[in-house]
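Notes to accompany the following structure.
Along the sequence shown, the residues carry numbers beginning at 1. The figures that follow rest on heavy atoms only: side chains count, while hydrogens, waters and symmetry mates do not.
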Amino acid sequence: MKIIFKMILILILCLYLAILSKLILFKYIPLSQIMNHFNFTYDEYHWRSNNFVPFKTIYFYLFLADINVNIRIENLAGNIIGFVPFGFILPLLAKKFQNLSTVALSTFCLSLTFELLQLVFEFGSFDVDDLILNTIGGILGYLPFKLAYLFIQRKMRNVNKLQF
């Protein structure tokens, strides 16, 4: 039964990563044009459209942007919500991912991979604030797992005390 559960989780993780890749990397690119982006040309405009300053985009969307509230929410909350499943699935898959720092680091690395792919292949723009928000999302996904784990441990201790 444990193997079947792990296999289902692995399939869910693969499906999740495929959907996340589509939403992050190929959001604006038709499938027929993806191969055209695998080049290493220097486009000065593309490099200027990236954000390497922490909290610049977050501050812009929260305080400066004169845009629809839905766009603000989509950009800020979407980056957080998109990585919540990752923070929840990882600790269910392996014990080594059952602490906060490992989940946070893994989420950061996954987000960094997506951001670097966007930067190098011009699938979108690199934004250091996405790294911050995505990592927060992974941490928020980990919290329900940790709370459930602590609750179950506490129940098990109480059951063990009653048996002795």
Side-chain angles (χ1 to χ4, degrees), residues 9 12-94 96-151:
L9 278 176
I12 290 170
L13 180 64
C14 290
L15 179 63
Y16 162 74
L17 290 174
I19 292 169
L20 197 62
S21 295
K22 170 64 177 136
L23 292 173
I24 293 174
L25 297 176
F26 310 118
K27 183 180 359 181
Y28 303 114
I29 303 169
L31 292 176
S32 61
Q33 294 182 6
I34 289 173
M35 291 307 289
N36 296 339
H37 283 267
F38 287 103
N39 60 33
F40 295 98
T41 60
Y42 176 76
D43 178 8
E44 187 176 335
Y45 172 75
H46 174 71
W47 285 90
R48 281 189 277 133
S49 67
N50 298 294
N51 173 35
F52 300 101
V53 180
F55 302 104
K56 180 180 177 183
T57 305
I58 295 170
Y59 184 82
F60 174 76
Y61 279 123
L62 288 177
F63 304 111
L64 301 177
D66 186 26
I67 54 176
N68 188 325
V69 173
N70 291 339
I71 294 172
R72 293 176 192 212
I73 292 171
E74 181 181 315
N75 281 287
L76 297 175
N79 277 307
I80 294 171
I81 293 168
F83 281 76
V84 167
F86 189 72
F88 186 78
I89 295 170
L90 276 185
L92 293 173
L93 273 174
K96 67 180 174 182
F97 293 110
Q98 291 185 354
N99 68 51
L100 180 62
S101 60
T102 307
V103 170
L105 181 62
S106 300
T107 307
F108 178 82
C109 289
L110 177 64
S111 178
L112 181 61
T113 300
F114 280 125
E115 292 301 316
L116 289 174
L117 286 170
Q118 288 182 96
L119 179 66
V120 171
F121 295 113
E122 299 180 13
F123 289 135
S125 60
F126 179 95
D127 193 338
V128 72
D129 289 350
D130 288 352
L131 292 172
I132 296 166
L133 295 170
N134 296 161
T135 304
I136 290 170
I139 291 168
L140 290 176
Y142 170 79
L143 294 178
F145 163 81
K146 188 63 173 182
L147 290 173
Y149 181 77
L150 292 173
F151 179 75

Subject >> Arg72 and Leu62, any side-chain heavy atoms less than 4.5 Å apart >> reply: no

Subject >> OG1-CG distance between Thr135 and Leu140, expressed to the nearest 0.5 angstrom >> reply: 11.0 Å

**OP:** Under the side chain to side chain contact (heavy atoms under 4.5 Å, CB included) rule, collect the residues that match up with Gln98, sequence neighbours excluded.
**Re:** Pro91, Lys95, Phe145, Tyr149

**OP:** Output all residues satisfying ring pair (Phe, Tyr, Trp, His ring centres under 6.0 Å) with Phe63, sequence neighbours left out; order by chain, then residue number.
**Re:** Tyr59

Original post:
Parallel under 30°, tilted from 30 to 60°, perpendicular over 60°: which one fits the rings of Tyr16 and Phe86?
Top reply: parallel

Original post:
Do the non-hydrogen side-chain atoms of Thr102 and Phe97 ever get within less than 4.5 Å of each other?
Top reply: yes

Original post:
For the residue pair Asp129 and Ile58, what are the closest heavy atoms and their distance?
Top reply: OD2-N, 2.9 Å

Original post:
With sequence neighbours left out, what residues match Leu147 under side chain to side chain contact (heavy atoms under 4.5 Å, CB included)?
Top reply: none

Subject >> Minimum-distance pair of heavy atoms, taken over all atoms of Ser49 and Ser125 >> reply: O-CB, 3.6 Å

**OP:** Supply the atom-to-atom distance Glu115 CD to Leu25 CG, rounded to the nearest 0.5 angstrom.
**Re:** 9.0 Å

Original post:
When rounded to the nearest 0.5 angstrom, what is the spacing between CG in Leu93 and CZ in Phe88?
Top reply: 11.0 Å

Subject >> Distance in Å, Phe108 CZ paired with Ser101 OG, rounded so as to fall on 0.5 Å steps >> reply: 14.5 Å

Original post:
Looking at side-chain heavy atoms only, is the closest gap between Ile24 and Gln118 below 4.5 Å?
Top reply: yes

Original post:
Is there a side-chain contact between Phe126 and Leu131 (heavy atoms, below 4.5 Å)?
Top reply: yes

Subject >> Gap between atom CD1 of Ile71 and atom OH of Tyr61 - 0.5 Å precision >> reply: 7.5 Å

**OP:** Hey, could you give me the CD1/SG distance between Ile19 and Cys14, rounded to the nearest 0.5 Å?
**Re:** 11.5 Å

Original post:
Hey, does the side chain of Ser111 reach the backbone of Thr107 with a donor-acceptor pair shorter than 3.5 angstrom?
Top reply: no

**OP:** Run through Thr57, Asn79, Asn75, Asn134 and flag the one making a side-chain hydrogen bond (donor to acceptor under 3.5 Å, both in side chains) with Asp127.
**Re:** Thr57

**OP:** Taking the side chain as every heavy atom from C-beta outward, state whether Leu20 and Leu110 have any atom pair closer than 4.5 Å.
**Re:** yes

Original post:
Can Phe114 and Leu23 be said to form a side chain to side chain contact (heavy atoms under 4.5 Å, CB included), step by step?
Top reply: CA-CA 11 Å; Phe114 280 125; Leu23 292 173; over 6 Å; no

Original post:
If you take all heavy atoms of Ser106 and Leu90, which pair is closest and at what distance?
Top reply: CB-CD1, 3.6 Å

